[in-house]
Amino acid sequence: MRVLNALLRQGLPWLLALLAAGSGAQTQELRLYTEEYAPYNYTVKGRPAGLSVEVVTEIKRRLGLSVPIEVVPWARGYRAAQTEPMVGLFVTARTAEREPLFQWVGPVSATRAHLYARRGEQTGIRSLDDARKVQGILVPREWYIHQDLRGRGFTNLVPVSAPVDAMRMLLANRSVVIAMDESTVAETMRLAGMVSDPPEPIVKISEALLYIAFSQGTPAALVQRWQQTLDEMKRDGSFAMIHQRWLPGVPLPPASHKP
């Protein structure tokens, strides 16, 4: 009996993960949210696409899940992942501020954020302190960059609902600077219908690793299975193939990370 009880205790996390992954009721309850954040995740002809969408789709396939991916405004998905059970949100920058809010699976990629200006624009900005003096900094609402600058005491931020909106406003002279990830600038310009004169980085803001964030109300065993499946993809080379297809020449993220 003692041996049986020990086996049951050892096997219980795996059993819970399998039940969470395979149960029809649990599958229906799990929701996966993403946003317009090319090239990681965005909409093409009404369907989700991008680097992280491919990674998440392959994880779902290996786990036998049929959960749809919903593309929603970032602020909506971010709020749901904090307040509702059984929610996954991707990709999400893992920061010290966000660390206790979610359960983390990743990293999926890495990025750097800069302040950008129109090419050739004489902004006079040489540092983040200089940037505090401009009339307004365009930034996607509740992105980690927005939270970072707000936490540093910036009072001149102009939050917008999506990066493509911020890009259009910048190129229409609605502001002199925009805060954005370097890996998303080219695709955001394309989605905004801009084909030339990309904005240029003028000041680095920060670096971040990008993850799939699960709400705290998601069973830990299920989150563990997602992490283990991603680790398997990294070992067998399928993750590297997806990453390099979308971000050719960009180094792969580290195997694991905690801020």
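FYI, the numbering just counts along the sequence from 1. None of the values given here were measured: they were computed from a predicted structure.
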Where the side chain of Gln227 meets the backbone of Gly106, is there a donor-acceptor pair that is under 3.5 Å apart?
yes
Residues Val44 and Ala49: closest non-hydrogen pair is CG2-CB, 3.7 Å
For Ala110 versus Pro253, what's the shortest heavy-atom pair and its separation?
N-CB, 4.5 Å
Donor-acceptor pair, distance only, cut-off 3.5 Å: does the side chain of Asp165 make one with the backbone of Ser161?
no
Does Met169 reach the side chain of Ile178, with side-chain heavy atoms less than 4.5 Å apart?
no
In terms of heavy-atom contacts, Ile202 and Ala117 come closest through CD1-CB, 4.1 Å
For the residue pair Pro199 and Tyr116, what are the closest heavy atoms and their distance?
O-CD2, 3.8 Å
Between Tyr37 and Trp74, does the ring centre distance come in under 6.0 Å?
no
Say whether, by atom type as modelled, one donor and one acceptor occur between the side chain of Ser215 and the main chain of Met86 under 3.5 angstrom.
yes
How far apart are the C-alpha atoms of Val55 and Val91, what are their side-chain angles, what is the distance that settles it, and do they pass the side chain to side chain contact (heavy atoms under 4.5 Å, CB included) test?
CA-CA 11 Å; Val55 171; Val91 285; over 6 Å; no
Could you grab the distance from atom OH of Tyr211 to atom CZ of Arg94, nearest 0.5 Å is fine?
4.5 Å
Under a 3.5 Å distance rule, please check whether Gln135 uses its side chain to pair with a backbone N or O of Ser175 as donor and acceptor.
no
Spell out, as yes or no, whether a donor-acceptor pair under 3.5 Å connects the side chain of Gln244 to the backbone of Val250.
yes
Test Ser109 against Leu247 for side chain to side chain contact (heavy atoms under 4.5 Å, CB included), laying out the working first.
CA-CA 9 Å; Ser109 194; Leu247 294 175; 3.6 Å; yes
For Leu230 and Ile59, work out which heavy atoms get closest and say how close.
CB-CD1, 4.1 Å
Test ring-ring contact (aromatic ring centres under 6.0 Å, His included) applied to Tyr144 and Tyr78, step by step:
CA-CA 11 Å; Tyr144 79 97; Tyr78 187 69; over 10 Å; no
To the closest 0.5 Å, what do you measure between NZ (Lys60) and CG (Leu32)?
6.0 Å
Is the side chain of Gln216 donor-acceptor paired with the backbone N or O of Pro100 at a distance under 3.5 Å, no angle test?
yes
Do any N or O atoms from the side chain of Asn156 and from the backbone of Ile137 form a donor-acceptor pair under 3.5 angstrom?
no
Determine whether Val139 and Arg150 make a side-chain contact, defined as any pair of heavy atoms from C-beta on separated by less than 4.5 Å.
no
One pair to check against side-chain hydrogen bond (donor to acceptor under 3.5 Å, both in side chains): Ser183 and Tyr40. What are the steps and the verdict?
CA-CA 9 Å; Ser183 55; Tyr40 297 108; 2.8 Å; yes
Passing option when Pro39 is tested against Leu51, Thr184, Val53 for side chain to side chain contact (heavy atoms under 4.5 Å, CB included):
Thr184
Taking the side chain as every heavy atom from C-beta outward, state whether Glu182 and Pro201 have any atom pair closer than 4.5 Å.
no
Main-chain N/O of Ser238 paired with Asp236 side-chain donor or acceptor, under 3.5 Å
yes
Any chance you could lay out the side chain to side chain contact (heavy atoms under 4.5 Å, CB included) test for Val56 and Ile69, step after step, and finish with the verdict?
CA-CA 9 Å; Val56 168; Ile69 297 170; 4.1 Å; yes
Same cluster or not: Leu65 versus Val105, using hydrophobic residues (I, L, V, M, F, W, Y) connected whenever any side-chain heavy atoms lie under 4.5 Å apart?
yes
Please report the shortest heavy-atom distance between Val72 and Gly77, naming the atom on each side.
CG2-N, 3.8 Å
Within this structure, what is the CD-CZ distance for the pair Gln147 and Arg152, rounded to the nearest 0.5 Å?
13.0 Å
His243 and Phe239 aromatic ring geometry - parallel, tilted or perpendicular at 30°/60° bounds:
tilted
Transitive ILVMFWY side-chain link Leu252 to Phe90, under 4.5 Å:
yes
Should the heavy atoms of other residues, nucleotides or ligands under 6.0 Å from CZ of Arg47 be counted, would the total exceed 12?
no
Spatial distance of atom CG (Leu149) from atom CZ (Arg132) [nearest 0.5 Å]:
8.5 Å
To the nearest 0.5 Å, atom CG of Leu30 lies from atom CH2 of Trp226 at 6.5 Å
If we ignore hydrogens and angles and just use 3.5 Å, is the side chain of Arg31 paired with the main-chain N or O of Pro85 as donor and acceptor?
yes
Does a salt bridge link Asp231 with Arg235, judged by any charged N lying under 4.0 Å from a carboxylate O?
no
Scan side-chain atoms only and decide if Glu36 and Thr43 contain a donor-acceptor pair under the 3.5 Å cut-off.
yes
Could you go through the salt bridge (Lys or Arg N to Asp or Glu O under 4.0 Å) check for Glu142 and Arg76 one step at a time?
CA-CA 10 Å; Glu142 292 306 324; Arg76 174 185 163 190; over 6 Å; no
Determine whether Met167 and Leu191 satisfy the following criterion, side chain to side chain contact (heavy atoms under 4.5 Å, CB included), listing intermediate values before the conclusion.
CA-CA 10 Å; Met167 182 67 73; Leu191 293 172; over 6 Å; no
Should Val71 and Phe214 be counted in the same cluster of Ile, Leu, Val, Met, Phe, Trp and Tyr side chains packed under 4.5 Å apart?
no
Arg112 CZ: over 12 foreign heavy atoms closer than 6.0 Å
no
Can you measure from OG1 (Thr123) to NZ (Lys133) and round to the nearest 0.5 angstrom?
12.0 Å
Is the shortest heavy-atom distance from the side chain of Ile125 to the side chain of Val203 under 4.5 Å?
yes
